[in-house]
Amino acid sequence: QVQLVESGGGSVQAGGSLRLSCEASGISYSGNCMAWFRQAPGQEREGVAAIVSGGGSTFYADTVKGRFTISQDNAKNTIYLQMNSLHTEDTAMYYCAVRRGGYCEFWDSPHLFGNWGQGTQVSVSS
């Protein structure tokens, strides 16, 4: 059974930083697409960033390029999302997701991911 456990959310002021973590279990770590999505109240879930686990190719939404960095620790089966220069518009519930195999084609389509974490809240105030 695949399990994804996120941590690291919280409340910060605009311009601040947070680092999210997502530990995966029950799945072979390499060769999957692991991604971060976010969803604000009343809005659709949107892709933030993705990484090919074990491989390292990364993908970002235009809205976070240059501010967010996705990375991985293969030994810990964990991916991270370093979020810098946070904006109030980044406020959302952030979810980790994994999709077996592939190279993160259409990584920002949430319906292509079958396994999700419980989410961690990020709140950015002005």
Side-chain angles (χ1 to χ4, degrees):
Q1 182 180 359
V2 177
Q3 284 194 320
L4 302 171
V5 179
E6 302 107 329
S7 60
S11 298
V12 295
Q13 289 192 320
S17 299
L18 283 172
R19 188 177 83 153
L20 307 182
S21 300
C22 172
E23 183 176 0
S25 61
I27 189 171
S28 173
Y29 186 70
S30 293
N32 302 306
C33 183
M34 296 191 71
W36 288 98
F37 288 81
R38 65 185 181 187
Q39 188 167 21
Q43 297 189 19
E44 293 185 354
R45 192 166 296 191
E46 64 172 354
V48 175
I51 189 166
V52 177
S53 61
S57 296
T58 58
F59 308 85
Y60 295 94
D62 288 343
T63 52
V64 306
K65 278 181 183 175
R67 300 189 297 123
F68 291 10
T69 302
I70 189 170
S71 62
Q72 61 186 331
D73 184 331
N74 295 336
K76 295 182 179 179
N77 285 6
T78 298
I79 64 167
Y80 304 95
L81 186 68
Q82 178 67 44
M83 305 185 294
N84 298 329
S85 301
L86 282 161
H87 304 161
T88 55
E89 310 87 84
D90 295 317
T91 294
M93 185 73 79
Y94 282 70
Y95 298 91
C96 176
V98 65
R99 188 176 81 203
R100 283 188 171 88
Y103 294 93
C104 283
E105 303 94 332
F106 307 108
W107 66 269
D108 55 351
S109 297
H111 67 278
L112 295 180
F113 287 80
N115 301 102
W116 294 83
Q118 81 286 354
T120 184
Q121 178 67 39
V122 171
S123 298
V124 185
S125 59
S126 59

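On a predicted model such as this, the values are computed, not experimentally measured, just so you know. Scope of the values below: all heavy atoms of this structure, side chains included, with no hydrogens, waters or symmetry mates.
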* To do: Report the C-alpha distance between Met83 and Arg67 in whole Å, list the side-chain angles of each, state the deciding distance to 0.1 Å, and finish with yes or no for side chain to side chain contact (heavy atoms under 4.5 Å, CB included).
  => CA-CA 6 Å; Met83 305 185 294; Arg67 300 189 297 123; over 6 Å; no

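- Residues satisfying the side chain to side chain contact (heavy atoms under 4.5 Å, CB included) criterion with Ser109, sequence neighbours excluded, are Phe106, His111, Leu112.
- The list of disulfide (SG to SG under 2.5 Å) pairs with a residue in residues 41-87, not counting sequence neighbours, is empty.
- In this structure a side-chain-to-backbone donor-acceptor pair under 3.5 Å is present from Glu6 to Gln118.
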Next on the checklist: Does Asp90 form a side chain to side chain contact (heavy atoms under 4.5 Å, CB included) with Arg38? I'd like the steps, not just the answer.
Outcome noted: CA-CA 9 Å; Asp90 295 317; Arg38 65 185 181 187; 2.8 Å; yes

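- Residues Tyr95 and Arg45 are in side-chain contact: their nearest non-hydrogen atoms beyond the backbone lie under 4.5 Å apart.
- Nearest heavy atoms, Phe59 versus Tyr103: CZ-O, 3.7 Å.
- Contact record, Trp107 with Ala49: CZ3-N, 3.4 Å, taken as the closest heavy-atom pair.
- The main-chain N or O of Ala97 is never found under 3.5 Å from a side-chain atom of Asn115 such that the two would form a donor-acceptor pair.
- With sequence neighbours excluded, the residues that form a side chain to side chain contact (heavy atoms under 4.5 Å, CB included) with Ala35 are Phe37, Ala50, Phe113.
- Screening residues 45-96 for disulfide (SG to SG under 2.5 Å) gives Cys22-Cys96 as the qualifying pairs, with residues at least two apart or on separate chains.
- Every side chain to side chain contact (heavy atoms under 4.5 Å, CB included) that Asn77 has, sequence neighbours left out, goes to Tyr29.
- No donor-acceptor distance shorter than 3.5 angstrom exists from the side chain of Gln3 to the backbone of Gly26, with no hydrogens or angles considered.
- In this structure, CD1 on Ile79 lies 11.5 Å from CG on Asn74, to the nearest 0.5 angstrom.
- Among pairs with a residue in residues 9-25, those fulfilling side chain to side chain donor-acceptor pair (under 3.5 Å) read Ser17-Asn84, at least two apart in sequence or across chains.
- Residues Ser85 and His87 share a closest heavy-atom pair of O-CD2, 3.1 Å.
- No continuous path of ILVMFWY side-chain contacts below 4.5 Å connects Val98 to Trp116, so the two sit in separate hydrophobic clusters.
- Ser30 contributes no side-chain N or O that, together with a main-chain N or O of Gly54, makes up a donor-acceptor pair within less than 3.5 Å.
- Partners of Val12 by side chain to side chain contact (heavy atoms under 4.5 Å, CB included), not counting sequence neighbours, listed by chain and number: Leu18, Leu86, Val124.
- Closest of all the heavy-atom pairs between Val2 and Arg100 is CG2-NH2, 3.4 Å.
- Ion pairing between a basic and an acidic side chain is recognised when a charged N comes within 4.0 Å of a carboxylate O; Glu105 and Arg99 show such pairing.
- Residues in residues 31-79 take part in these disulfide (SG to SG under 2.5 Å) pairs, two or more places apart or across chains: Cys33-Cys104.
- The list of side chain to side chain donor-acceptor pair (under 3.5 Å) pairs with a residue in residues 52-61, not counting sequence neighbours, is empty.
- Contact of the Met34 side chain with the Ile70 side chain is not registered, since no non-hydrogen atoms from C-beta on lie closer than 4.5 Å.
- Under the salt bridge (Lys or Arg N to Asp or Glu O under 4.0 Å) criterion, Lys76 pairs with no residue at all, not counting sequence neighbours.
- The CG atom of Leu20 sits 8.0 Å away from the OG atom of Ser7 when rounded to the nearest 0.5 Å.
- In this structure Asp108 satisfies the side chain to side chain donor-acceptor pair (under 3.5 Å) test with no other residue, sequence neighbours excluded.
- Sorted by first then second residue, the disulfide (SG to SG under 2.5 Å) pairs that include residues 44-87, not counting sequence neighbours, number zero.
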